[in-house]
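Following: one structure in structure tokens, then a few remarks.
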There are 2 protein chains.
Amino acid sequence: MSKLLDIPEVRSFILHWGEMGTEWGVNRSVAQVHALLYLSDRPLHAEEICEALALARSNVSTGLKELQSYQIVRRVHVEGDRRDHFVAETDLWEMLMKLAAERKRREFDPTIQFLGELAESVNGREDVPTHVRERIGRMHEFIGTLTGWYADVRNLPKPTLVRLMKLGRGIARFLPGKSTD
Amino acid sequence: MSKLLDIPEVRSFILHWGEMGTEWGVNRSVAQVHALLYLSDRPLHAEEICEALALARSNVSTGLKELQSYQIVRRVHVEGDRRDHFVAETDLWEMLMKLAAERKRREFDPTIQFLGELAESVNGREDVPTHVRERIGRMHEFIGTLTGWYADVRNLPKPTLVRLMKLGRGIARFLPGKSTD
DNA sequence: CTGTAATTTCAGAAATTAATGGAAACGAGG
DNA sequence: CCTCGTTTCCATTAATTTCTGAAATTACAG
């Protein structure tokens, strides 16, 4: 293993990232593996990661699989080495978009589906109070709008996105219709 | 308790919301209490919530406190009743913004602080590889940009926000500079 | 004040989730 | 079609989180 882990700041970063993960429903080891790869400038193989983070091999393997399913880590081949090696996405915009995409797929899409069915089911039912029908419907619509928006934003070229971010609330100035700002 | 819980769709909604919570680092009971209040058109007191969700009184109390700390549930007084009653925010935009605000405060602000210190600490250090300094710095800047953007968006009037959302990727058309869309 | 109802706190129990190590499966190279 | 190094699976153990009930505290009415 490199001397990356000899740098206290690197260890510190990895630990913090692990904690962040747990706060957002990502398992600590998975987040730590990700942090390590993010800070590495060369592909690492599973054994190195185990050693660096003192995790069981199987745990690292699972973690790598999970990170790959998010598409923020990918397998690369290293010349003359039979083992798989791994590198992390280092473009943070790309990373965020990919994380969002996967969580949308795993959690939001099924929820929209589910709420759609609920809304359907209570639609016009005498025994269901109006306000319940309304609120289920509004939740359905709301989550739909959010994910629709995400799908849109995802397809914007990165420079446009960055420009948008930088604009912040200044965006209001450029919108059609009355300037409500 | 009302007959809300007699409606299978209502139970179903509450259960699903509870699961969603756990996926995002919010405790299941807390999310369920929230779901129940969201679907209720009148203030509920703690005892009713316990009964409805079959949770211990203390658990409900903790959950309500948590929801209040997010500002998506508030205490209201009901005429002639000594007990505290609770209602949920039903404007979903408002709710999302408040959730975001609180998680920013709890998780992002400390992380930015932390990364700032790390970046400071490795700045110009010979023993820290350039790419590590760079990547820590970029992460710091990135999270900073995100939360800055949030702060901006939060202050936009809701109609503007909604307009923005609806526009989606069409937004590119209205931006200054070359139309990269 | 005093007594009672409502709420919060807290330490331990229960449940859930994560991590481990060994065994089985896999696959590239011979 | 073996062999060797690697990865994946799975049952067990460990750690963490959640939930509970009893005790403490607070709020309030008389």
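Both backbone and side-chain heavy atoms feed into the values below; hydrogens, waters and symmetry mates do not. What you see is a predicted model, and the numbers here were worked out from it, not measured in a lab. Convention: sequence-line order gives letters A, B, ...; per-chain numbering from 1.
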Expressed as a whole number of angstroms, how long is the span from [X]:[atom1] to [N]:[atom2]?
X        : N       : atom1 : atom2 : value
Glu47(B) : dG21(D) : CD    : P     : 12 Å
His85(B) : dT7(C)  : NE2   : C1'   : 14 Å
Glu51(B) : dT20(D) : CD    : C1'   : 18 Å
Glu79(B) : dC28(D) : CD    : P     : 14 Å
Glu23(A) : dT17(D) : CD    : C1'   : 13 Å
Asp84(B) : dC28(D) : CG    : C1'   : 12 Å
Leu67(A) : dT7(D)  : CG    : C1'   : 16 Å
Leu64(A) : dT8(D)  : CG    : P     : 8 Å

- Degree of bending in the helix from dC1(C)-dG30(D) to dG30(C)-dC1(D) once both end axes are built from five pairs, to 10°: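 Comparing the axis at each end, I get an angle of 30°.
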- Query: Run the salt bridge (charged side-chain N to carboxylate O under 4.0 Å, His left out) check on Lys158(B) and Asp91(B) step by step: do they pass?
  - Reply: CA-CA 11 Å; Lys158(B) 209 168 57 194; Asp91(B) 180 324; 2.4 Å; yes
- Message: So, using salt bridge (charged side-chain N to carboxylate O under 4.0 Å, His left out) as the criterion, who are the partners of Lys65(B) when residues are at least two apart?
- Response: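 If we apply the salt bridge (charged side-chain N to carboxylate O under 4.0 Å, His left out) test to Lys65(B), skipping adjacent residues, there are no hits.
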- Under 6.0 Å between the ring centres of Phe142(A) and Trp93(B)?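 So the answer is yes for these two rings.
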For nucleotides 11-13 of chain D, list the nitrogen or oxygen atoms of the protein found under 3.5 Å from its nitrogen or oxygen atoms, one pair per line.
none

- Query: Between Asp81(A) and Thr22(A), which has a closest nucleotide on DNA chain D that is more 5'?
  - Reply: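 Counting from the 5' end, the first nearest nucleotide belongs to Asp81(A).
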- Those residues that, when tested against Phe114(A), pass ring pair (Phe, Tyr, Trp, His ring centres under 6.0 Å) (two or more places apart):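 Applying ring pair (Phe, Tyr, Trp, His ring centres under 6.0 Å) to Phe114(A) gives His16(B).
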With a 4.0 Å cut-off, would you call [X] and [Y] a salt bridge?
X         : Y         : result
Arg105(A) : Glu102(A) : yes
Glu19(A)  : Arg28(A)  : yes
Glu47(A)  : Arg57(A)  : yes
Arg133(B) : Glu9(A)   : no

- Query: According to a strict under-4.0 Å criterion, is Lys65(B) in side-chain N/O contact with OP1 or OP2 of dT9(C)?
  - Reply: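 Affirmative; the distance criterion is met.
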- Message: I need the Lys98(A) NZ to Leu96(A) CG distance, nearest 0.5 Å.
- Response: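 The CG atom of Leu96(A) is 12.0 Å from NZ of Lys98(A), to the nearest 0.5 Å.
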- Message: For a quick check, with a 4.0 angstrom heavy-atom cut-off, what is the B/S/- contact string for nucleotides 18-30 of chain C, read 5' to 3'?
- Response: SSBBB----BB--
When the side chains of residues 70-77 of chain A are checked against the rest of the protein, which donor-acceptor pairs come out under 3.5 Å, sequence neighbours left out?
unit_1   : atom_1 : unit_2    : atom_2 : d
Tyr70(A) : OH     : Arg106(A) : NH1    : 3.4
Arg75(A) : NH1    : Asp84(A)  : OD2    : 3.4

- Task: Decide whether a cation-pi geometry holds between Arg154(B) and Trp149(B); the criteria are a distance under 6.0 Å from NZ or CZ to the six-membered ring centre and an angle within 45° of the ring axis.
- Result: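 No, a cation-pi geometry is absent between Arg154(B) and Trp149(B).
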